[in-house]
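Okay, structure first, notes after.
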Amino acid sequence: MYPREQCPYQDGRVVIDAAFKSDAPAWYARLRKSGPIHPAEFHLGLKGWVIVGYDLAREALTHPALLKDATPAAEALATAGYVLNKPRVGLGAQMMEADPPEHTRLRRLASAAFTPRRTAELAPRIEQIAHDLIDALPPAGEADLVEAFNAPLPATVIAELLGIPEEHHVDFRRWSGQALQVASPEHRTALSGLHGLLAGLVADKRRSPQDDLLSALVAVRDEDDGRLSEEELVGTAMMLVVAGHESTVNLLSNAVLSLLQHPDQLGLLRERPELMSGAVEEFLRYDTSVERSTSRYAAEDIGLGGVAIPRGSMIVVALGAAGRDAPQAEDDDPAVLDVTRPGARHLAFGHGIHYCLGAPLARLETTIALRTLLSRVPELELAAPMDSLKWIGSGIIRGVLSLPVRYRVG
């Protein structure tokens with residue numbers, strides 16, 4: 001890790017690498033003190049800009065000249081080893097990588113299948129999964145909470161939601177966990193594996209539709225927008241899996257870790273479980289799992305926060321940093337975890353047209369999972385020193401690779 005008295009700069013750019021990510025909130029706080037936007041170097045030496053201030057983050061996320069179209073940055077991306085067109089992994093054919101009017105069409109079609117009603121109907125099943133996972137634990141001892149609870153819960157939910165057969169769940173969980181770790185050697189293998197699995201399932205659902213989200217996506221049609229193509233179907237499913245699963249796994253881990261570091265807040269939630277819905281908003285603000293937005297590219301020369309941004313520049317918004325900078329109620333300190341904070345403001349799900357489609361599901365899963373965990377496990381503490389925890393070292397996700405705890409089930 002970098003010495004705390006030094007800034008993580010190299011050649012005038014903040015280097016967002018594994019060491020930075022392991023202590024990201026502290027580094028982002030240091031950066032915010034010197035301005036809302038900074039030149040940065042990301043994975044594979046890719047250079048761009050990172051926005052750490054709340055107001056500028058909101059502006060950037062809706063800026064008409066900051067687009068998902070990476071054409072102006074194609075040469076720099078290719079030099080860094082990034083693949084823009086990904087026909088065999090599905091990531092290019094979904095709304096997170098599209099601009100209007102294509103984004104509008106894809107989101108409208110996906111929203112017609114992934115409805116609020118479908119999400120709300122999942123609540124009893126999510127609760128059952130949470131109880132089953134706790135029932136599977138020995139009555140007391142030590143466990144990796146990521147492996148035992150935080151990862152299998154959202155993985156099971158999204159697998160059942162999409163209609164993925166149980167015999168594929170092991171591969172599905174492994175690939176979805178590796179897909180966003182862009183520096184890992186398994187990254188591309190995981191993407192290809194997921195693409196192959198989902199492409200096969202799309203074909204199956206077309207032949208024999210069932211009562212699941214993937215069948216609904218296959219069937220959805222709009223008078224103006226038509227249907228989703230095969231690659232768009234797979235890309236949309238990939239987006240739901242990769243973004244929806246991994247973000248919720250790590251939101252749960254970050255929330256539990258924050259509570260274990262703040263036993264007064266943990267005690268409040270145990271005594272007043274009715275606070276949980278608001279507390280989830282605070283966890284999203286305080287240490288969200290989607291540390292940074294996906295990239296946007298300047299379609300023309302623009303200015304952001306008083307800085308001249310040339311055409312083709314890559315812009316990334318540090319969503320977690322913006323949450324620590326977001327204006328809260330009077331006298332509330334945004335650097336403090338407060339599960340009673342009224343209406344915690346954050347950008348954890350983004351802002352504007354790319355606001356997360358799965359936000360209601362993430363909120364529902366996290367609320368039920370944490371409420372069940374705290375009610376069923378009255379004794380819970382870290383089983384390893386904080387400075388020994390290993391963090392995800394690359395990509396946009398923030399979270400620990402494992403969360404060793406000592407516990408007793410009530």
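Here, residue 1 is the first one in the sequence, and each next residue gets the next number.
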What pairs meet the salt bridge (Lys or Arg N to Asp or Glu O under 4.0 Å) rule with one or both residues in residues 155-170, with sequence neighbours excluded?
-> R125-E160
Please confirm whether the backbone N or O of R108 pairs with a side-chain atom of S111, one donor and one acceptor, at under 3.5 Å?
-> no
Value for OG (S253) from CD1 (I397), rounded to nearest 0.5 Å, stands at 11.0 Å
Between side-chain atoms of residues 346-358 and protein atoms elsewhere (two or more places apart, or another chain), which donor-acceptor pairs fall under 3.5 Å?
{"unit_1": "H346", "atom_1": "ND1", "unit_2": "A348", "atom_2": "N", "d": "3.1"}
{"unit_1": "H346", "atom_1": "NE2", "unit_2": "E281", "atom_2": "OE1", "d": "2.8"}
{"unit_1": "H354", "atom_1": "NE2", "unit_2": "A98", "atom_2": "O", "d": "3.4"}
{"unit_1": "Y355", "atom_1": "OH", "unit_2": "R363", "atom_2": "NH1", "d": "3.4"}

Test: R105 and E232 ion pair at under 4.0 Å = yes
Out of T248, L252, I158, which one pairs with E365 under the side chain to side chain contact (heavy atoms under 4.5 Å, CB included) rule?
-> T248
Taking all non-hydrogen atoms of both residues into account, name the closest pair between G305 and L56 and its distance.
-> N-CD1, 3.5 Å
Residues which pass salt bridge (charged side-chain N to carboxylate O under 4.0 Å, His left out) with R173, listed by chain and number, not counting sequence neighbours = none
Where do V241 and W175 land on the side-chain contact (heavy atoms from CB on, under 4.5 Å) test, with the steps shown first?
-> CA-CA 10 Å; V241 168; W175 289 331; over 6 Å; no
Rounded distance (nearest 0.5 Å) linking atom CG of D99 with atom CG of L67 | 4.5 Å
Is the backbone of P25 close enough, under 3.5 Å, to the side chain of R398 for a donor and an acceptor to pair up by distance?
-> no
Expected output: side-chain H169 to main-chain I164 donor-acceptor under 3.5 Å | yes
Side chains of V157 and L361: does their closest heavy-atom pair fall under 4.5 Å?
-> yes
Are the charged groups of R285 and E282 less than 4.0 angstrom apart, N to O?
-> yes
Should the heavy atoms of other residues, nucleotides or ligands under 6.0 Å from CD of E142 be counted, would the total exceed 12?
-> yes
Atom pair CG/CH2 of L304 and W49 - distance to nearest 0.5 Å = 9.5 Å
Can I16 and W27 be said to form a side-chain contact (heavy atoms from CB on, under 4.5 Å), step by step?
-> CA-CA 10 Å; I16 301 181; W27 287 121; over 6 Å; no
F149 and L137: side-chain contact (heavy atoms from CB on, under 4.5 Å), yes or no, with the steps?
-> CA-CA 9 Å; F149 188 78; L137 291 169; over 6 Å; no
Does some side-chain heavy atom of K68 sit less than 4.5 Å from a side-chain heavy atom of T294?
-> yes
Please assess D338 against Q265 for the test side-chain contact (heavy atoms from CB on, under 4.5 Å), listing each intermediate value before the final yes or no.
-> CA-CA 7 Å; D338 180 4; Q265 301 298 296; 4.0 Å; yes
In Å, rounded to the nearest 0.5 Å, how long is the span from CG of L259 to CD of Q261?
-> 9.5 Å
Enter the distance from Q94:CD to L233:CG here, rounded to the nearest 0.5 Å.
-> 12.5 Å
Shortest non-hydrogen pair, P72 vs G312, comes out as CB-CA, 3.6 Å
Heavy-atom distance under 4.5 Å between the side chains of L66 and I302, does that happen here?
-> yes
Side chains of L382 and L257: does their closest heavy-atom pair fall under 4.5 Å?
-> yes
Taking 4.0 angstrom as the limit, do D171 and R174 come out as a salt bridge?
-> yes
Contacts of E291 that satisfy side chain to side chain donor-acceptor pair (under 3.5 Å) - sequence neighbours left out = K21, Y28
Between R32 and A322, is there a donor-acceptor pair closer than 3.5 Å when you use the side chain of the first and the backbone of the second?
-> no
Side chain to side chain, T156 and L133, heavy atoms closer than 4.5 Å | no
Report the distance from atom CG of D132 to atom CD of E127, rounding to the nearest 0.5 Å.
-> 11.0 Å
Could you tell me whether a side-chain N or O of N254 sits under 3.5 Å from a main-chain N or O of D287, the two making a donor and an acceptor?
-> yes
Indicate the atoms forming the closest heavy-atom contact of L337 with H262, along with that distance.
-> CD2-ND1, 3.7 Å
Selection residues 309-328 - residue pairs positive for salt bridge (Lys or Arg N to Asp or Glu O under 4.0 Å), sequence neighbours left out = none
Sub-3.5 Å donor-acceptor pair from the side chain of S293 to the main-chain atoms of V317, do we have one?
-> yes
State whether the number of non-hydrogen atoms from other residues, nucleotides or ligands found under 6.0 Å of E75 atom CD is greater than 12.
-> no
Which pairs pass salt bridge (Lys or Arg N to Asp or Glu O under 4.0 Å) with one or both residues in residues 206-220, sequence neighbours excluded?
-> D204-R207, K205-D212, R206-E230
Using atom types as modelled and distance alone, determine if a side-chain donor or acceptor of H168 lies under 3.5 Å from a backbone N or O of L197.
-> no
